[in-house]
Amino acid sequence: MGPRSQTSAQGNRAWRYGRKLSALIASVALTFVGLLFVTFLIGRVVPIDPVLAAVGDRAPAEVYERVRIELGLHLPLYQQFFVYIAKVFQGDFGRSILTANPVTSDILRVFPATLELATAATFFGILLGIPMGVIGAVHQGRWPDQVLRVVGLFGYSVPVFWLGLMGLLLFYGRLDWVPGPGRLDVFYEGLLTPTTGVILIDSALAGEWDIFRNALAHITLPAAILGYFSLAYISRMTRSFMLEQLSQEYITTARVKGVSERAVIWRHALGNVRIPLVTVIALSYGNLLEGSVLTETVFAWPGLGFYLTQSLLSADMNAVLGGTIVVGTVFIGINLLSDALYRLMDPRAR
Amino acid sequence: MTTQVKYTTPEGQGGRYHRWLLASAPRSRYQARLGRAYQAWLTFRQNRLAVIGLGIIIALVAAAALAPIIAPYPPNAPDLSIRLAPMSAEHWLGTDELGRDILSRIIHGSRLTLYVIVLVAIIAAPVGLLIGTVAGYAGGWLDMVLMRITDIFLAFPKLILALAFVAALGPGIENAIIAIAITAWPPYARIARAETITIRNADFIKAARLQGAGPARLIWGHVMPLCLSSLIVRVTLDMAGIILTAAGLGFLGLGAQPPLPEWGAMISSGRKFMLDQWWVAAMPGIAIFVVSLGFNLLGDGLRDVLDPKAEGQ
């Protein structure tokens, strides 16, 4: 091959890659607009009059009319949608009725708590789930594999809020191993100035080890309950990936060459499972954000899920839709990220 | 319908019906159909867990049908003199904060559970089937538009979307059903589309088209029946998730409203007394767990019978 054809091949590849990338970005953008459209529609079908909610039902007609124009409700629906999109891109979700703050600042305040809980739960799921999946695959059909199956079936069948309540009953109410609901004991509340909002990081940075230990004790049970579901998912996927690898010929070759069984399983096979596992972990992280709605309610954990349910119960639509958009955006972002990571790590997918 | 195990019938073995059902040369269409169903049942029966799952579902349906007869007390008969009574011979699972018998409420609650899953399946499965088959059969821009919409719905976290819809429609069991159905159809559309694409160019479709069948007739009469088995498996496996979502909505106070004996709402009201009267919150949760376990086990078994190629996914 001459140098000319080589550069044209390279240019071709770059062009193809660029086209793939732009198609991906276009589809993500379309999904995002779809998300906004759905939330916009939900906001329109609510039987609550947003003007009435703002001015109260004893306001005179001219005040009502003025607020209606202020809120942009006199415009045709499609114009309202464009105004809505513009506002969302400026980070403006309106004001929460419940807290009287802008929804954006509310969400920024509560989001770190959810992030902390979901991350701790994912750690739990990874640290236990991957070894369990590997062991299940190695002993396929024998008792470790059966244990894995039961763990999975239980995880797919049990209501997370009920498991949380039973965990509280047993470990807090009866055994007294963990502190009760919330992120910190009341005694420590407000002692820490939030920098990141993640108490475990903030307290460690400030050298407040008493607070750190208290926060750790508080997060253990909700993270374990939530992490159980990611454990069930990660271990099942690890098992099926490992089974696929262990039946490949390179594994036989390694064994014939005298590589120890431990190295064959944990280095050769698990090494090749790493890439699809990244995708699985990212997806389970996205699912945890969803699971956190119920878990946070049970543990009175002041995160996004708790905020969302509190707003739901008081029909605070701005807060509900703002929270929905944030969770949906994070979800889309995580899917995109896992896709990008997959392409980055696996040369075959480029 | 395919079966993994083929049963042969050596002369003189098994009962008369067994031999008639498994005849290698059935003499009528009726015999062939029954025989095929019988073979599927024999395969299904080998999976002991799936049979347990089927038993749980039958028990659920029986409890719902016979609730007023088998429940020892009416579901909404408060008796404050025995409020929060522990488990006893009169009240097997104890009583709640108004002195209502928890066992009776759980039995009556099975009606609500069944109501939710049947309605969600009736709404979501046909919608998904229709969208998927039309998209897969038509191809081109229609396929693109329909699948884009499907993807947008798939991009939402399910529970959050359901919450947002319930918030808009207002709490209540009917609205919870609508919200869950809206979030449930996209996977069905994807499955139906994938199946349609694999059979769209099959010879029998071409033959029917040459005989003058229009698109509607082809989709309705030839494509949809072939999508059904994988759809049934998926719907059965989804039932557990639907039950959990409905219970979650009830728990948050957005699903069935009191005094309806919905299991999730019962857990929610038992929460206040949990540390001392644990049974109020614990018992309905066990009911939810058992029923969704039943659907999971049944779904696994059905997958082996109806859709063996999807095994292990």
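Numbers restart at 1 for each chain; the letters A, B, ... are given by sequence-line order, proteins then strands.
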> Do F295(B) and I242(B) have side chains that get closer than 4.5 Å, going by heavy atoms?
Replying inline: no

> Quick one: does V273(A)'s side chain get under 4.5 Å of V134(A)'s, heavy atoms only?
Replying inline: no

Specify which of [options] makes the most heavy-atom pairs with chain B at under 4.5 Å.
options: F32(A), Y156(A), Y172(A); answer: Y156(A)
options: G173(A), G34(A), G328(A); answer: G34(A)
options: T297(A), L168(A), V320(A), N335(A); answer: T297(A)
options: L308(A), V160(A), L294(A), I332(A); answer: L294(A)
options: L165(A), T309(A), T329(A); answer: L165(A)
options: L41(A), V298(A), L163(A); answer: V298(A)

>> What verdict does the side chain to side chain contact (heavy atoms under 4.5 Å, CB included) test give for T39(A) and Y84(A), after you've listed the backbone C-alpha separation in whole Å, the side-chain angles of each residue and the deciding distance to 0.1 Å?
In response: CA-CA 10 Å; T39(A) 50; Y84(A) 180 74; 3.2 Å; yes

Residue part contacting chain B, namely of [X], when any heavy atom lies under 4.5 Å:
X: V38(A); answer: side chain
X: L313(A); answer: side chain
X: R239(A); answer: neither
X: V293(A); answer: side chain
X: L243(A); answer: neither

Which atoms of [X] come close to chain A, meaning under 4.5 Å heavy atom to heavy atom: side chain ones, backbone ones, both, or neither?
X: A247(B); result: both
X: I286(B); result: both
X: L254(B); result: side chain
X: L249(B); result: neither

Determine whether the aromatic ring centres of [X] and [Y] lie less than 6.0 Å apart.
X: F153(B); Y: W185(B); value: yes
X: F154(A); Y: F289(B); value: yes
X: F306(A); Y: W301(A); value: no

> Which atom names give the shortest non-hydrogen contact between A50(B) and G301(B), and what distance separates them?
Replying inline: CB-CA, 3.5 Å

> D145(A) and R142(A): salt bridge (charged side-chain N to carboxylate O under 4.0 Å, His left out), yes or no, with the steps?
Replying inline: CA-CA 6 Å; D145(A) 200 21; R142(A) 290 198 293 276; over 6 Å; no

>> Under a 3.5 Å cutoff, is there a donor and acceptor pairing between the side chains of S338(A) and Y285(A)?
In response: no

>> With a 3.5 Å distance limit and no angle check, can you tell me whether W263(B) reaches the backbone of G285(B) through a side-chain donor-acceptor pair?
In response: no

